[in-house]
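Counting begins at 1 with the first residue of the sequence. Only heavy atoms go into these numbers, but all of them, side chains included; no hydrogens, no water, no symmetry mates.
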Amino acid sequence: MSTQYAQSVCLNGHQKSKKVRWGLNVTGYCEKCGAELISTCPKCGDPIPGDYDPSGNGVLVLSPGSKIPVPRYCHHCGKPYPWTKSAIDSAQELIDLSDTLSNEEKESFKKSIPDILVDTPKTKLASTKFKIYAVKAGTSIASGLKDILVDIAAETAKRSIWGA
């Protein structure tokens, strides 16, 4: 019988373990940042998927160095995990600091941020808006946005915006 494990992740998105018994609520704090650890979605309570053992014998079928990524959104309810929401909120707050963007530009820029995190038909549009508005917002804000978003942006957006 196969075994699905959960993972424990701190509220800032640092993965602690990818092999937590499914349904177990972890306790403790992150050794990197001190934030609380979770193993379930705070919105719906569904476990955060981790390793998967198709054989059920405790031997994981993974290639050496394989990694279970920390997800951005809950697979059950679709809501952003706390680390994703924090990144979106931080990016949007940084955009508000711009004194060179109009209020309409700021709102358009802020609304495009979630579309940079996922590969959808809107990702390319969001990436184009990002490039246009980031230049207009200035080097400091553009650099800050890159620092916040580069690790969680969708691959399409990374290639389009930063050539990664």
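Put simply, the side chain of Thr123 gets close to the backbone of Asp115: a donor and an acceptor are under 3.5 Å apart. Here the side chain of Lys131 pairs a donor or acceptor atom with the backbone of Ser160 at under 3.5 angstrom. Side chain of Gln4 to backbone of Asp53: no donor-acceptor contact under 3.5 angstrom is found. Judged by distance alone, with hydrogens and angles left aside, the side-chain atoms of Glu107 form no donor-acceptor pair with the main-chain N or O of Glu104 at under 3.5 Å. Ser90 contributes a side-chain N or O that, together with a main-chain N or O of Ser86, makes up a donor-acceptor pair within less than 3.5 Å. Not a single donor-acceptor pair under 3.5 Å links the side chain of Lys19 to the backbone N or O of Tyr5.
Ile113 and Leu125 fall into different hydrophobic clusters, where Ile, Leu, Val, Met, Phe, Trp and Tyr side chains are chained together by heavy-atom contacts under 4.5 Å. At a threshold of 4.5 Å between side-chain heavy atoms, the hydrophobic network of Ile, Leu, Val, Met, Phe, Trp and Tyr places Ile38 and Ile152 in two separate groups. A continuous path of ILVMFWY side-chain contacts below 4.5 Å connects Tyr73 to Leu149, so both sit in one hydrophobic cluster. Neither Trp83 nor Leu145 shares a network with the other; the hydrophobic side chains, linked directly or stepwise wherever heavy atoms of I, L, V, M, F, W or Y lie under 4.5 Å apart, form separate groups for each. With hydrophobic clusters built from ILVMFWY side chains whose heavy atoms lie under 4.5 angstrom apart, Val118 shares a cluster with Val150.
Counting non-hydrogen atoms of other residues, nucleotides and ligands closer than 6.0 Å to NZ of Lys16 gives a total of 12 or fewer. Taking a 6.0 Å sphere around CD of Glu93, one finds it holds 12 or fewer heavy atoms contributed by other residues, nucleotides or ligands. For His76, the NE2 atom sits in a loose shell: 12 or fewer heavy atoms of surrounding residues, nucleotides or ligands are nearer than 6.0 Å.
Here the straight-line distance linking atom CD1 of Ile161 with atom NZ of Lys146 works out to 10.5 Å at 0.5 Å rounding. A distance of 5.5 Å separates NZ in Lys129 from OG in Ser112, rounded to the nearest 0.5 Å. With rounding to the nearest 0.5 angstrom, the NZ atom of Lys106 is 13.0 Å from the CD atom of Gln92. Ile148 contributes atom CD1, which lies 8.5 Å from atom CD1 of Ile95 (distance to the nearest 0.5 angstrom). Atom NZ of Lys136 and atom CD1 of Ile141 lie 12.5 Å apart (nearest 0.5 Å). Expressed to the nearest 0.5 Å, how far CD1 of Ile116 lies from CD1 of Ile88 amounts to 10.0 Å.
Aromatic pair Trp22/Tyr52: centroids not less than 6.0 angstrom apart.
Partners of Asn12 under the side chain to side chain donor-acceptor pair (under 3.5 Å) rule, at least two apart in sequence or in another chain, do not exist in this structure.
Considering every non-hydrogen atom in both Tyr29 and Gly34, the closest pair reads CD2-O, 3.5 Å. Taking all atoms of both residues into account, the shortest heavy-atom contact from Leu101 to Ser98 is N-OG, 3.2 Å. Considering all non-hydrogen atoms of both residues, Gln15 and Val70 come closest at CB-CG2, 3.6 Å. Contact record, His14 with Cys33: ND1-SG, 3.5 Å, taken as the closest heavy-atom pair.
Side chain to side chain, Thr156 and Lys124 fail the donor-acceptor criterion of an N or O pair below 3.5 Å.
Using a 4.0 Å cut-off between charged nitrogen and carboxylate oxygen, Asp96 and Lys110 count as a salt-bridge pair.
Looking at heavy atoms from C-beta onward, Asp46 lies out of side-chain contact with Thr40 at the 4.5 angstrom threshold. Using a 4.5 Å heavy-atom cutoff, the side chains of Ile48 and Ser39 are not in contact. Side-chain contact between Thr27 and Leu37 is absent, with no heavy-atom pair separated by less than 4.5 Å. Proximity of Val20 to Pro47: side-chain heavy atoms (C-beta onward) are nowhere separated by under 4.5 Å. Annotation: side chain of Cys10 is not in contact with side chain of Glu36 (no heavy-atom distance under 4.5 Å). In this structure, Tyr81 and Val9 have side chains that are not in contact, with every pair of non-hydrogen atoms separated by 4.5 Å or more. At a threshold of 4.5 Å between non-hydrogen side-chain atoms, the residues Lys111 and Ser108 do not count as touching. Side-chain contact between Gln7 and Pro71 is present, with heavy atoms from C-beta onward closer than 4.5 Å.
Using cut-offs of 30° and 60° for the angle between ring planes, the Tyr133 and Phe109 rings count as tilted.
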